[in-house]
Number of protein chains: 2
Amino acid sequence: MKKPQEKEEKTVTPLQLDDKDLAILRLLQENARITVREISDKIHLSATPVHERIRRMEESGVIRQYAALVDHTKVKKGLMVICYVSLKQHNKNAGTRFIKAIQQMNEVIECYNISGEFDFMLKVVAENMDAYYDFHVNTLSQVENMGHMQSVFVMGIIKQTHQLVY
Amino acid sequence: MKKPQEKEEKTVTPLQLDDKDLAILRLLQENARITVREISDKIHLSATPVHERIRRMEESGVIRQYAALVDHTKVKKGLMVICYVSLKQHNKNAGTRFIKAIQQMNEVIECYNISGEFDFMLKVVAENMDAYYDFHVNTLSQVENMGHMQSVFVMGIIKQTHQLVY
DNA sequence: ACTGAAAGACACAGACT
DNA sequence: AGTCTGTGTCTTTCAGT
């Protein structure tokens, strides 16, 4: 029985992943440029079903993107800062405008809505402290409805992975 | 003139990236499976130099990895938590052992050494609150030398990108 | 669902400008 | 540092099991 207010899922199939799908995902997470042949050799399957499984996972959105990950220190983005932000007002429009502004800022590579004292957590990258200060003062703090802000500086990267399937 | 205590850089070439390299990086960040041909068409260069530039950026570590990015909600990792940790003691050995322990935890996908009240910030993913509670109580808090811990829950993802070059 | 074959596209290396 | 050309390998489709 289904409650009347329940909407139909847009994704027609929730896509149940089996062990072979997960094995393929493990390999693709590690190296997105691995060939279908190589995968099919490793998981003891021929190329066609591997290809088909990958296509299905792409279509269903299990695989969001294939991305080249760049070393931030080597492209003049050596400084990483975690920045906490609270808004003055919490009505829907104010929130929406804040989100739109954040999404357009190239320096902000991640932004989450969080529980606790602050409303948002941002991960910001900049060339150095001067560049971050400039961003903080002239861009971020200028956003309409901005309340408190607090910066926490990343002094070292201990671990950084995208391996959600293991 | 060089100070005597300065060590020689291991990376022989600091690798100066020009506009064409950056254009290639932009495309590869967006789609790691783009073909060399497609890149060469878009940046008005033939395949060979594009191929050579990519190879150099891979070798020099500018391109760290090609990764398939997986939708965490579709692989039973719907809950994301930011977890702050401080250690009881701050000697070198204690820190090293903590780091080793963290690096082996699959639930921890990021870990940074940070400024401020806490020593580390962890990004943790779990299937649900029960699974996170289990991880928090039975794994993370059991690490030797663990001091204070604080969890901040991610309620919504506003932005998530890996585009450091833009 | 999977296998195997076959066509077309691609990566990669070489000779040259 | 770049273009052009060729070879071997890969993706991708299709008929068959």
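Numbers restart at 1 for each chain; the letters A, B, ... are given by sequence-line order, proteins then strands. Values below: all heavy atoms of this structure, side chains included; hydrogens, waters and symmetry mates excluded.
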What integer distance in Å separates [X]:[atom1] from [N]:[atom2]?
{"X": "A:Arg56", "N": "D:dT12", "atom1": "CZ", "atom2": "P", "answer": "15 Å"}
{"X": "B:Ile34", "N": "C:dC10", "atom1": "CD1", "atom2": "P", "answer": "11 Å"}
{"X": "A:Asp41", "N": "C:dC2", "atom1": "CG", "atom2": "C1'", "answer": "16 Å"}
{"X": "A:Arg53", "N": "C:dT3", "atom1": "CZ", "atom2": "C1'", "answer": "14 Å"}
{"X": "B:Glu52", "N": "D:dC4", "atom1": "CD", "atom2": "P", "answer": "18 Å"}
{"X": "A:Arg33", "N": "C:dA11", "atom1": "CZ", "atom2": "C1'", "answer": "10 Å"}
{"X": "B:Ile43", "N": "D:dA1", "atom1": "CD1", "atom2": "P", "answer": "15 Å"}
{"X": "B:Arg37", "N": "D:dC10", "atom1": "CZ", "atom2": "P", "answer": "17 Å"}

Checking contacts here: which listed nucleotide (D:dT3, C:dC2, D:dT11) is nearest the side-chain heavy atoms of A:Val36?
D:dT11
Choose from C:dA11, D:dC10, C:dC2 the nucleotide whose nearest atom is closest to any side-chain atom of A:Thr35.
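Side chain of A:Thr35 sits closest to D:dC10.
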Is the shortest side-chain N/O distance from A:His51 to OP1 or OP2 of D:dT11 below 4.0 Å?
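For A:His51, the contact criterion (side-chain N or O under 4.0 Å from OP1 or OP2 of D:dT11) is not met.
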Check: B:Ser46 side chain, D:dC4 base, donor-acceptor under 3.5 Å:
no
Does A:Gln163 reach the main-chain N or O of A:Glu30 with its side chain, forming a donor-acceptor pair under 3.5 Å?
no
Would [X] and [Y] pass as an ion pair if we require N to O under 4.0 Å?
{"X": "A:Arg97", "Y": "A:Glu144", "result": "yes"}
{"X": "A:Glu59", "Y": "A:Arg56", "result": "no"}
{"X": "B:Asp18", "Y": "B:Arg53", "result": "yes"}

Considering the options B:Val154, B:Ile109, B:Thr139, B:Val108, which one meets the side chain to side chain contact (heavy atoms under 4.5 Å, CB included) requirement together with B:Val124?
B:Val108
Could you give me the CA-CA distance, side-chain angles and deciding distance for A:Lys123 and B:Glu110, then say whether salt bridge (charged side-chain N to carboxylate O under 4.0 Å, His left out) is met?
CA-CA 12 Å; A:Lys123 189 191 282 182; B:Glu110 293 176 44; 2.5 Å; yes
Among residues 20-28 of chain A, which ones have heavy-atom contacts with DNA chain D below 4.0 Å?
none
Contact class for A:Thr48 (heavy atom, under 4.0 Å): base, sugar-phosphate, or nothing?
base
Hey, which of these two, A:Ala47 or B:Arg55, hits DNA chain C nearer its 5' end, going by closest nucleotide?
A:Ala47
Is atom NZ of B:Lys159 surrounded by more than 12 heavy atoms (other residues, nucleotides or ligands) closer than 6.0 Å?
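Counting other residues, nucleotides and ligands, NZ of B:Lys159 exceeds 12 neighbours.
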